[in-house]
Amino acid sequence: MKDTGSFPDYHRLVEPTRVHSSLYTDPEIFQQELDRIWYRTWVYVGHVSEVPNRNDYVTKSIGPTPVLLVHDRKGEIRLLLNKCPHRGNQLCAYREGNRASFTCPYHSWTFSNTGELAGYAYADGYEGASKSDFSLGRVPRVAIYRGFVFGSFAEEGPSLEEHLGGAKASIDQLLDNSPEGELELTAGFLQHRTKANWKFMLENETDGYHPAFVHGSVFQVTDSGIGSLYGPDSTALTRDFGNGHTEFDLRPEWRRIGKPMNWFGTTTERLPEYVAAMEGAYGEERAREIMIDGTPHIMIFPNLFIAEIQLFTLQPISVDETIQHVTALGFKGAPDMNRRLRQQTMGSVGPAGLLLADDTEMYERNHRGASIRDPEWVTLTRGLHRERRDENGYLVAHSTDEVPQRGIWRHYQNLMTA
Ligand code: FES
C-alpha cells in the first residue's frame, strides 16, 4: 500500500470486499480501536445472574480495562473501574465475592460499593480534603437487556436497544429456551489466551465456511451430523444485522428436519424434565417450535458471542493477544438441561476440548499470516452474487458466505472514521 501521508486511513484500508492485513497487526491501529470502539461503543460486560445478591461483585473488563460489575448495597447494578484513585493501585484482586466496600491494599483507603470514598487511613493527613474528589471511576453508561449488562464509556450516543437492533431477537430466541425465560450463568469461566488479534475471532464466530475443514476431524470422531450444516447443500443462512452484529442462522435446517432437541444432538426422551417444564411454560405447540429452533449462534459486536450452548466474551489485551472467556449457558428452571450444557461445553471448549483448540490454531496462524508482506489484502468476496435481503431487511446469504465478515468491516469502518 502506498503512503498517502494520512496513515492509517480507514477509508483506504477497508474496502467493501477486502481489508488490509495491517488492520490486524499495526499497534497504532490497535490503540485507535481502543479509543474509537472499546471505549466508545456498547460493550458486553457480564450477566446479572453472576451478581444475584446485594453486595455481590465480579471482576470483568472493557477491552484491556478491568472493571468491577457490582450489585451494590442499594440494589443497583454498577460498573466501577478497578483502580484506586489515590495512587492508582489495582483495587480488587479477587475474581468475585460479596462485600459492601473495597479497601485498597496499598494505603488502605476504603470505598463503598457505590463508588464513594468512605474513609482514609490516618485521616488527619487529609485535613480539609473533600472525599467526593476521590470516588472510584465509573463507566458512565450502563444498560441491561434481559439480564445482559453492557457498558459504554461514551457519555452520550445511541441507546443499548438502538445498538443491538435486530440482535435483540436472537437474545429473545435464546431466552425462549428457558422454561422461566431467564439465563443463569453459574458454571464459572474458562480463559483461553490466544496469540492473535481480536478481530480474527470476531470474524470467525459466524464464519460458516471453515467448520467442515477445521472441525472435520471432530465431526468424524464424534459421528456428528453437524458437518452437513456447513456444507454446500445446507439451507442455513449467514446474516448481517447491521452495527457489526452477525449471525449464523441454523433454523432453516432444524425446521427442515423438524425434530425437537435435534439442535442439541439429542431427543425429547432424554430430557423429560426439561421438556415437561417447557411444555408447562409455553404450551405443547410453542414449546415444540422452540425446541426445534434451538438457541442462536450470534456474534454481538464487538465482544459477545453466543454459541448455542456457550457464551464467550472477547478481551483484547494487545494487537496480537486476546483472551477468550467462555462459560456454559444455563437456563433457569432446567437442571437436567444445564448438566448436559456443562458437559458439552467442557467437551468442546474446555481445557481438553476439541473444537476451540482447532479454532485457536487457526487464529494464531491467521495472525502469523497477516504479518507476511505479500499479498497485503484479505479477500471477502464469497457469496457476493447471492446476497439478498430477508423479510426484515437484513442481508443474508448461504451458510458458507462471507456476509458476516463484510458486515463487520462496514461497521468497523464507520466507527473508525466517525
Ligand atoms: Fe490505594 Fe494508596 S494507592 S490507597
Side-chain angles (χ1 to χ4, degrees), residues 27 30-48 50-144 149-155 185 188-189 191 193 198 303 313-319 321-323 325:
F30 179 75
Q31 288 305 316
Q32 293 193 349
E33 288 171 351
L34 294 183
D35 290 337
R36 297 178 190 188
I37 298 175
W38 293 91
Y39 301 152
R40 184 177 294 177
T41 192
W42 288 104
V43 175
Y44 173 70
V45 180
H47 192 267
V48 291
E50 295 178 77
V51 287
N53 307 304
R54 283 188 189 211
N55 300 327
D56 282 349
Y57 72 90
V58 285
T59 49
K60 296 284 185 179
S61 61
I62 294 182
T65 296
V67 299
L68 296 163
L69 168 59
V70 176
H71 186 159
D72 75 19
R73 58 174 75 198
K74 296 178 180 163
E76 243 184 77
I77 300 290
R78 289 178 186 274
L79 297 175
L80 302 172
L81 301 198
N82 192 5
K83 175 182 182 178
C84 176
H86 175 216
R87 300 246 294 271
N89 209 279
Q90 179 190 355
L91 183 62
C92 177
Y94 299 103
R95 197 145 92 183
E96 59 186 27
N98 181 280
R99 51 172 57 246
S101 62
F102 297 96
T103 299
C104 178
Y106 197 7
H107 309 101
S108 208
W109 287 21
T110 295
F111 302 87
S112 157
N113 69 2
T114 52
E116 293 82 23
L117 176 62
Y120 317 97
Y122 313 146
D124 58 335
Y126 290 101
E127 195 67 45
S130 168
K131 284 185 187 160
S132 61
D133 291 341
F134 299 108
S135 296
L136 297 177
R138 299 158 197 258
V139 178
R141 289 197 301 159
V142 179
I144 301 173
V149 182
F150 292 77
S152 168
F153 279 107
E155 299 274 356
L185 298 188
F189 279 80
Q191 296 180 36
R193 195 172 279 267
W198 65 278
N303 71 327
T313 57
L314 304 181
Q315 183 191 7
I317 301 298
S318 63
V319 69
E321 187 167 20
T322 307
I323 298 177
H325 301 260

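Just so it is clear, the structure is predicted and the values come from calculations on it, not from any experiment. Both backbone and side-chain heavy atoms feed into the values below; hydrogens, waters and symmetry mates do not. Nothing fancy with the numbering, it's 1 onward along the sequence. Order of appearance sets the numbers: ligands from 1, and atoms from 1 within every ligand.
Under 4.0 angstrom from ligand 1, the non-hydrogen atoms of Trp109 come from both its backbone and its side chain.
Between Phe150 and Tyr44, the ring planes lie perpendicular to each other; the angle is over 60°, past the 30° to 60° tilted range.
Vertex atom 1 (Fe) of ligand 1; arms to Cys84 atom SG and Cys104 atom SG; angle 110° (nearest 10°).
One finds a salt bridge joining Arg138 and Glu116 here, because a Lys/Arg side-chain nitrogen approaches an Asp/Glu carboxylate oxygen to under 4.0 Å.
Considering only non-hydrogen protein atoms, atom 3 (S) of ligand 1 sits nearest to Arg87 N, 3.4 Å.
Within His107, the N, O or S atom lying nearest to atom 2 (Fe) of ligand 1 carries the name ND1. As for His86, its N/O/S atom nearest atom 2 (Fe) of ligand 1 is the one called ND1.
The main-chain N or O of Ala100 is found under 3.5 Å from a side-chain atom of Arg73 such that the two form a donor-acceptor pair. Without hydrogens or angle criteria, Asn113 side chain to Phe102 main chain gives no donor-acceptor distance under 3.5 Å.
Cation-pi geometry between Lys131 and Tyr126 is not satisfied (NZ or CZ under 6.0 Å from the ring centre, within 45° of the ring normal).
Remark: ligand 1 atoms within the under-4.0 Å shell around heavy atoms of Tyr106 are 3 (S).
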